[in-house]
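The model shown is predicted, which means the values in this text are computed figures rather than measured ones. All ligand and atom numbering here is 1-based and tracks the order in the structure.
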Amino acid sequence: MSTKSTRSGAAGSAAAGFRGRTISVVRDLSVDEQVYLYEKTRRLKAALRDRQDVSEFRLNRPELGVYLFFMEDSTRTKESFRNAAKFHNVKVNDFIAEHSSFNKKESITDTIKMLVGYSDQSVFVVRSKLEGVCRWLEAAIGEYAVKASLPPVSFINAGDGRHEHPTQEFLDEFSFLERLDWKREQIHLALVGDLFHGRTVHSKVDGLRVFGNVRVDLVAPEEIGMPAHYVDQMKRNGFEVRLFASIEEYLAQPSVAKIWYFTRLQLERMGDQLRDKEALFRQAVTFQSGYLSKVLEGTKFFHPLPRHSVTPTIPPFLDRTSLNGWDEQSMNGYFTRIIELGLVGGKLGSDFNGTERTIREFSDDFVIEAPVGAARKQDYKIGIKPVENGMVIDHIGKNSKVAEIWNHIGKIREILGLDVVSSQGVFTSQRDSDAFKGLISLPDIRPFDERQIKMLGAIAPGCTINIIRESRVIKKYRLAMPPRVYNLPGISCKNEDCISFPGHHEPIQAEFYRSEESAFVCRYCEKPHEFKEIW
Ligand code: NCD
């Protein structure tokens with residue numbers, strides 16, 4: 001049994017070229033594509049500053065619609081996208097969520113389906129507190145656009161909950177590159193502030209891959225520190241990562257970075273318990289005048305903005321110092337976003353000749369035929385009677401706790417509809433008397449088809465299926481961890497802010513893919529789950 005299914009991590013979009021692409025996360029552009037974006041931006045910025053002709057960058061398509069779909073507050077991101085769209089001479093539409101039937105719990109897909117009919121190509125710039133919304137819209141609307149022969153529709157994530165903020169990341173990296181005179185060999189930077197809730201720092205995990213040698217110092221009290229799965233991913237990306245609880249602690253050691261990236265405390269995303277500690281957190285991550293002497297010559301501070309108006313982590317006394325990198329950084333949002341719209345709009349990209357993003361491949365080779373012991377008679381039983389013909393599912397939940405195995409057995413029966421004459425049990429393993437396994441005996445049942453076997457593999461990885469004829473096992477399959485779990489009743493993402501979490505707007509089928517570390521990562525919000533958690 002070895003079928004292979006391929007699906008783009010960005011289903012529904014063109015495999016090659018930039019036109020109609022969705023940018024939901026930083027990885028939706030390959031490193032080469034990101035570098036291409038920065039180089040184009042650099043040329044555009046210089047041309048605009050020198051008042052040269054910039055028509056080579058301009059879409060100039062009044063029938064292309066750019067929709068600003070902001071369901072959370074925004075000033076810089078929204079206005080830079082609005083101005084970037086105006087640069088292109090396209091239709092710019094504001095979608096005012098508060099005044100729409102969104103408050104009547106209208107489905108987002110219905111609204112967008114209607115809007116895509118109004119333009120000869122559409123780009124939606126979406127900010128939402130729901131994570132993974134662009135990934136899902138790309139799939140849902142992409143499929144609709146293909147069926148209805150509509151031109152491609154792009155979704156650009158302008159910040160989704162605590163997840164990612166790819167276009168902020170592109171302007172941040174562009175600003176770092178400017179700072180480093182366009183040398184990409186190495187970067188050493190400090191990320192300071194609320195690293196737990198800040199989506200702009202989460203996007204750095206992938207955005208910093210444009211640099212060869214990356215050293216990242218994470219400066220935050222533990223409670224608002226970088227989530228472990230992002231730290232792990234940084235390490236897997238080959239970054240050297242160090243952790244510090246405060247700026248004071250950071251400055252007390254010799255190797256201090258010259259690029260500091262601050263974020264504000266994301267109070268609106270904190271629960272009461274964390275908010276009670278605001279003063280402590282602020283103390284730890286606010287720059288104080290006493291630190292100035294310890295900062296290295298040539299250091300620049302960056303910040304995605306906004307800063308807190310009363311107690312900002314970069315206080316106003318620094319505004320007129322050479323540390324101020326954030327003003328220029330904020331202007332870069334305009335230039336990078338012009339190029340992003342030019343790319344997905346199809347004006348730019350024809351001279352790109354680097355490596356494209358990788359399209360995820362899902363192999364279904366997790367059903368492995370196992371050798372059957374020669375003439376050995378098996379004594380699988382139904383109750384006390386040996387199974388003569390039928391199937392036995394063995395090694396269910398191997399090495400789990402007894403209660404978990406019973407639970408698993410229940411799930412298997414429920415999902416595969418095994419309401420037939422049969423028996424089941426939890427036993428000690430033959431090889432190790434301290435370990436347990438579950439077993440379901442199914443006499444006189446037709447062997448499972450491929451789909452049922454895959455479903456079983458998704459529910460009970462590690463189990464074996466024994467096909468029995470005349471009391472002997474004639475075939476045996478071992479089911480490894482599936483690379484993808486989807487289209488099954490009863491599975492759900494456990495992140496309440498995920499677009500696929502039950503009860504948010506539309507009924508979305510949960511979907512997970514297995515990471516290299518055997519975590520099951522939600523297709524939408526990318527939260528890693530342990531296998532058992534998704535059921
Ligand atoms: C950031 C955001 O929205 O995540 N701001 C921005 O886009 N300029 C950072 C923040 O809100 O703190």
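Here is the list of ligand 1 atoms found below 4.0 Å of a heavy atom in Thr77: 6 (C), 7 (O), 8 (N).
In terms of protein heavy-atom proximity, atom 4 (O) of ligand 1 is closest to Arg199 NE, 2.7 Å. Scanning the protein for heavy atoms near atom 7 (O) of ligand 1, the closest one is His165 NE2, 2.8 Å. In this structure, atom 11 (O) of ligand 1 lies nearest to the protein heavy atom Arg264 NH2, 2.9 Å.
A side-chain N or O of Asn89 and one of Asn60 form a donor-acceptor pair less than 3.5 Å apart. Side-chain N/O atoms of Asn495 and Glu131 include a donor and acceptor closer than 3.5 Å. For Ser55 and Asp53, the side-chain atoms include at least one donor-acceptor pair closer than 3.5 Å.
Backbone and side-chain nitrogen or oxygen atoms of Arg76 are examined, and none is located within less than 3.5 angstrom of a nitrogen or oxygen of ligand 1. At least one N or O atom of Pro304 sits closer than 3.5 Å to an N or O atom of ligand 1.
Distances shorter than 4.0 angstrom do not occur between any heavy atom of Gly159 and any atom of ligand 1. At least one heavy atom of Gln266 sits less than 4.0 Å from an atom of ligand 1.
The aromatic ring centroids of Phe302 and Tyr261 lie 6.0 Å or more from each other.
In terms of heavy-atom proximity, Arg307 sits nearest to Trp326 at NH2-NE1, 3.6 Å.
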Next item on the list: I would like to know whether Glu178 and Lys300 meet salt bridge (Lys or Arg N to Asp or Glu O under 4.0 Å); could you show each step before the answer?
Entry: CA-CA 11 Å; Glu178 277 188 328; Lys300 279 269 184 257; over 6 Å; no
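Contact annotation: for Leu305 versus ligand 1, heavy atoms closer than 4.0 Å belong to the backbone alone.
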